[in-house]
Engineer: 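Here it is, the structure, as structure tokens.
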Amino acid sequence: MSRDYVLQPFRSPVQLQIDYAKELNPQQYAAVSSAPGPSLVIAGAGSGKTRTLTYRVAYLIEHGIPADQILLLTFTNKASKEMMRRVNDLLGADLRDLWGGTFHSIGARLLRAHAERIGFRKDFTILDREDSRDLVKACLGDPGIETTDRLFPKADALVDMLSLAVNKYASMAEAIAGDYPQFLPIGGRIEELARRYAARKRESNVMDFDDLQTQCLRLLNEHPDVLQRLQHKFQFILVDEYQDTNTIQGRLIDQLAAIHKNLMVVGDDSQSIYSWRGANFRNILEFPQRYPGAKVYKIETNYRSTPEILQLANAAIAPNKQQFAKELAAARKSGTKPGIVPCSDAGVQAAFVCQRILELHEEGVALSQIAVLYRSHFHVMEVQLEMTKRQIPFLVTSGMRFFEQAHIKDLTAFLKLTANRSDEIAFKRIALMFPGVGAKAAEKLWAAFQAQIRMQELEGAAAADARSRTLAACLQRAGKAAPKKAERAWAQFTTTISQIEPLVGKPGEMIQILIDAFYADYLKETFDNHRHRAEEVEQLGVFAHQFADLDTFLTQLSLLTTAETDDRNSNKGEEDRVRLSTIHQSKGLEYDVVFLIMLCDGLFPSGRSLDTSEGEEEERRLFYVGITRSRNELYLSYPLLRYAQGQGEMPQMQSRFLIDLPADLYEEWNLRQSEFGGY
DNA sequence: GTTAGGGACGCCGGT
DNA sequence: CGTCCCTAAC
């Protein structure tokens with residue numbers, strides 16, 4: 001196969017608008033102006049990693065590389081948006097053509113374009129974690145998978161196992177042998193389950209999050225024409241947070257970069273915190289071997305934090321054995337020493353955090369520049385209560401994702417079914433909303449509905465416009481299988497579907513019709529906090545209006561997180577709120593003041609991680625990530641007593657990570673009972 | 001045989 | 001806060 005291809009000439013430096021050498025430090029400049037070819041940028045926390053990447057993109061574009069031939073991969077939508085914004089600011093040009101996005105969103109985009117090649121339809125829908133679990137549950141009833149013995153894992157655990165298996169690019173059998181040896185005796189049934197789950201996904205024309213990567217890789221491996229086209233298209237590929245890529249992502253990148261080899265990966269081994277979802281450390285460690293001649297750039301000057309915070313960070317990570325040798329050098333002037341704050345219990349800790357925040361706010365620190373970070377979602381309960389009491393505005397950027405809330409999922413189930421009539425999970429979710437319909441009736445309705453669809457197809461679905469009426473008609477006829485109680489609701493439902501079916505180009509209107517037709521009433525009957533939920537549902541409608549295509553809307557929505565939808569609100573002037581977040585979600589962000597709370601042994605490091613030495617080292621890196629979020633002030637606190645499930649008040653040991661810190665690097669705060677008592 | 005509602009218990013992390 | 005299991009009601 002041959003293909004004409006024109007390489008754009010590099011522009012002479014005279015035409016450049018940006019003075020790269022002046023705006024960057026020498027280390028950053030070296031990376032940004034790197035000649036084409038593979039390069040690895042090791043960039044420590046706060047050293048201007050994002051800056052380097054954004055200037056690199058600008059540099060490429062100013063040198064005549066067309067934006068649509070640059071692929072910029074990140075892990076979170078937030079990071080992606082931030083980079084696109086910064087490149088935009090730099091160049092003052094519209095970069096809609098640039099291929100920037102998360103691994104998952106880019107994967108979804110490529111799969112939409114080529115779904116038929118790998119046995120899916122292009123209108124496939126995406127399963128979130130809960131949907132995956134439901135589908136696994138449905139498979140558990142299948143023949144060949146007897147689950148009567150008590151030791152058979154629950155659906156949740158099975159989803160984790162299936163996911164880890166694909167993300168490590170191992171078969172289920174290998175995953176069981178490697179990571180779950182306790183299940184070897186029932187390995188055969190788990191493998192059968194994995195096969196059934198994959199088959200059910202295909203029948204339903206749905207993909208889970210992992211499929212957005214694995215199916216993409218399969219597409220490239222099995223269809224050389226697609227691979228070659230993309231290999232030629234993407235002249236330059238840039239990857240952020242490379243230390244957290246897994247084997248699948250590593251291979252995807254290697255495949256796409258195989259021809260031009262203009263691949264720049266940026267990362268920091270000290271911030272690798274995702275091995276539990278299959279991140280493969282070796283991608284970054286062995287990059288120089290995989291790409292002989294790769295240039296390696298190190299950026300070690302930290303512009304973010306005070307020397308005091310940096311010293312503490314360096315000391316915190318020091319006990320780890322597996323790391324590239326490096327020491328962050330401070331560029332800033334001296335500030336205050338980090339504080340370690342023992343508290344008598346979690347309530348006192350919350351009171352301390354709140355009082356200190358109010359003081360800082362008085363001193364002029366914006367609330368949005370203060371973050372409370374923690375290991376696990378439930379660690380922040382008391383702080384939330386206390387902030388509510390004291391009327392401190394806060395934004396929780398952790399916990400359940402916007403899309404995963406029941407009311408949002410209810411509504412999108414209708415849209416999903418409209419987009420993809422094979423979506424069994426969406427159908428059953430809708431069916432269960434009708435009075436008198438439970439699991440059994442939902443199953444019957446689904447069977448009846450499928451039978452109707454098949455009949456329609458046999459009768460000659462040739463006429464394209466007749467197709468648009470098929471869904472509503474099939475639903476109506478399938479409704480005969482519904483219990484008496486549900487008849488009226490079902491009739492209304494089919495009418496509504498017939499109204500929204502033609503509106504696939506206007507998802508916002510679809511949602512409004514659904515709300516008006518019956519979802520508003522359903523909310524009132526079903527939930528105590530229906531007012532709040534109704535608002536969010538309306539908000540979903542507003543959000544949907546920006547999309548002119550149902551598939552795109554649904555894809556975007558399922559890849560969104562709480563943080564990003566909340567940011568949407570903050571545009572309305574609500575941004576002055578304290579950030580409450582897990583450390584994982586704070587990655588890549590920075591704040592003037594950081595509180596790291598609940599630093600108890602067993603909570604952080606989490607008890608579960610301590611089985612392996614790798615686990616403890618990863619926790620330590622997470623601790624390091626938390627510390628290095630802070631620019632000016634850092635507080636490390638822990639309760640001496642904690643209310644534990646079923647055990648009442650339990651004495652707590654401070655985290656081993658605190659014990660490891662040299663005493664001259666921090667100040668110990670003693671809370672006086674008179675100020676913090678009474679909780 | 002099914003569904004709906006109440007009570008007990010358990011929690012790592014994210015696309 | 002949400003899931004699972006039990007029991008009452010249909």
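We name chains A, B, ... by the order of the sequence lines, and we start the count at 1 in each one.
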Engineer: Starting from the 5' end of DNA chain B, give me the residue, A:Arg608 or A:Val437, whose nearest nucleotide shows up first.
Structural biologist: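 This one resolves to A:Val437.
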Engineer: Taking the nucleotide of DNA chain C with the closest heavy atom to each, which residue, A:Met381 or A:Lys137, is nearer the 5' end?
Structural biologist: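 Nearest nucleotide further toward 5': that of A:Met381.
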Engineer: Could you state the CG-P distance from A:Asp244 to B:dG13, rounded to the nearest angstrom?
Structural biologist: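 Taking CG of A:Asp244 and P of B:dG13, I get 17 Å after rounding.
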Engineer: When all nucleic acid strands are considered with a 4.0 Å heavy-atom cut-off, which category describes A:His104: base, sugar-phosphate, or nothing?
Structural biologist: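 Base contact.
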Engineer: Verify, without hydrogens or angle tests, whether A:Arg112 (side chain) and A:Phe124 (backbone) share a donor-acceptor contact under 3.5 angstrom.
Structural biologist: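 Present.
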Engineer: Starting from C1' on B:dG13, measure out to NE2 on A:His379 and report it in whole angstrom.
Structural biologist: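 It works out to 11 Å between those atoms.
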Engineer: Tell me the interatomic distance from A:Tyr374, atom OH, to B:dG13, atom C1', rounded to whole angstroms.
Structural biologist: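 Result: 12 Å.
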Engineer: Between B:dG14 atom P and A:Glu618 atom CD, what is the distance in whole Å?
Structural biologist: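 Distance, rounded to whole Å: 13 Å.
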Engineer: Would you grab the first and last nucleotide of DNA chain C (5' to 3') that comes under 4.0 Å of any non-hydrogen atom in chain A?
Structural biologist: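 First and last nucleotides in contact are C:dG2 to C:dC4.
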Engineer: Check salt bridge (Lys or Arg N to Asp or Glu O under 4.0 Å) between A:Glu424 and all other residues, then give those that pass, not counting sequence neighbours.
Structural biologist: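 A:Arg200, A:Lys428.
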Engineer: Starting the side chain at C-beta, find the nucleotide from B:dG14, B:dG13, B:dT3 nearest to A:Ala441.
Structural biologist: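 From the listed options, B:dT3 comes nearest.
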Engineer: It should be established whether A:Thr582 places a side-chain nitrogen or oxygen under 4.0 Å from OP1 or OP2 of nucleotide B:dG14.
Structural biologist: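 Answer is yes, contact under 4.0 Å.
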Engineer: A:Arg133 or A:Lys485: which one's nearest nucleotide on DNA chain C is closer to the 5' end?
Structural biologist: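 On the 5' side of the pair lies A:Arg133.
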Engineer: Using the closest heavy atom to pick a nucleotide of DNA chain B for each, name whichever of A:Ala439 or A:Glu619 lands nearer the 5' end.
Structural biologist: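 First, find each residue's nearest nucleotide; the 5'-ward one identifies A:Ala439.
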Engineer: Please report the distance, rounded to the nearest Å, between CD1 in A:Ile126 and C1' in B:dG14.
Structural biologist: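 To the nearest whole Å, that distance equals 15 Å.
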Engineer: Over 60° means perpendicular and under 30° means parallel, so tell me whether A:Phe427 and A:Trp446 are parallel, tilted or perpendicular.
Structural biologist: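 Aromatic pair A:Phe427/A:Trp446 classed tilted.
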Engineer: Can you find a donor-acceptor pair, distance only, under 3.5 Å between A:Arg277 side chain and B:dG13 base?
Structural biologist: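 Check fails, no donor-acceptor contact within cut-off.
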Engineer: My understanding is that only residues two or more places apart in sequence, or in another chain, count here; which of them pass side-chain hydrogen bond (donor to acceptor under 3.5 Å, both in side chains) with A:Ser586?
Structural biologist: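 Listed in chain order: nothing, the list is empty.
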Engineer: Across the strands shown, which category fits A:Pro435 at heavy-atom distances under 4.0 angstrom: base, sugar-phosphate, nothing?
Structural biologist: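 If one applies the 4.0 Å heavy-atom cut-off, A:Pro435 turns out to touch the sugar-phosphate alone, with no base involved.
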Engineer: Kindly write out the residues that satisfy side-chain hydrogen bond (donor to acceptor under 3.5 Å, both in side chains) with A:Asn167, not counting sequence neighbours, or none if the list is empty.
Structural biologist: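 Here the qualifying residues are A:Ser163, A:Asp210, A:Asn246.
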Engineer: Determine the contact category for A:Phe604: base if any of its heavy atoms lies under 4.0 Å from a base atom, sugar-phosphate if only primed atoms, P, OP1 or OP2 are that close, otherwise nothing.
Structural biologist: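 Here A:Phe604 touches no strand at all.
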Engineer: Just how far, in rounded Å, is P of B:dG13 from CZ of A:Arg621?
Structural biologist: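 In whole Å, B:dG13 P lies 18 Å from A:Arg621 CZ.
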Engineer: Roughly how many Å is it from CG in A:Leu432 to P in B:dT3, rounded to a whole number?
Structural biologist: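 Going from A:Leu432 (CG) to B:dT3 (P), I get 8 Å.
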Engineer: What pairs with A:Arg629 under side-chain hydrogen bond (donor to acceptor under 3.5 Å, both in side chains), at least two apart in sequence or on another chain?
Structural biologist: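 Scan of A:Arg629 (side-chain hydrogen bond (donor to acceptor under 3.5 Å, both in side chains), adjacent residues dropped) gives A:Gln271.
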Engineer: Without decimals, in angstroms, what is the distance between A:Phe434 CZ and B:dA4 P?
Structural biologist: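 The answer, rounded to whole Å, is 13 Å.
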Engineer: Under the 5.5 Å and 30° test, is A:Tyr274 stacked on the base of B:dG14?
Structural biologist: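 It does not: the two rings, one from A:Tyr274 and one from B:dG14, miss the stacking criterion.
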Engineer: Between the side chain of A:Asn420 and the main-chain N/O of A:Val206, is any donor-acceptor distance below 3.5 Å?
Structural biologist: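 Pair absent, no side-chain N/O of A:Asn420 close to backbone of A:Val206.
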Engineer: Any base atoms under 4.0 Å from A:Phe103, or only sugar-phosphate, or nothing? Heavy atoms, all strands.
Structural biologist: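 Nothing, no nucleic acid heavy atom in range.
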Engineer: How would you list, by chain and number, every residue that makes a salt bridge (Lys or Arg N to Asp or Glu O under 4.0 Å) with A:Glu590, sequence neighbours excluded?
Structural biologist: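 Salt bridge (Lys or Arg N to Asp or Glu O under 4.0 Å) list for A:Glu590, sorted by chain: A:Arg304, A:Arg631.
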Engineer: Considering just the side-chain nitrogens and oxygens of A:His377, establish if one lies under 4.0 Å of OP1 or OP2 belonging to B:dG14.
Structural biologist: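 Answer yes for this pair, as a side-chain N or O of A:His377 is under 4.0 Å from OP1 or OP2.
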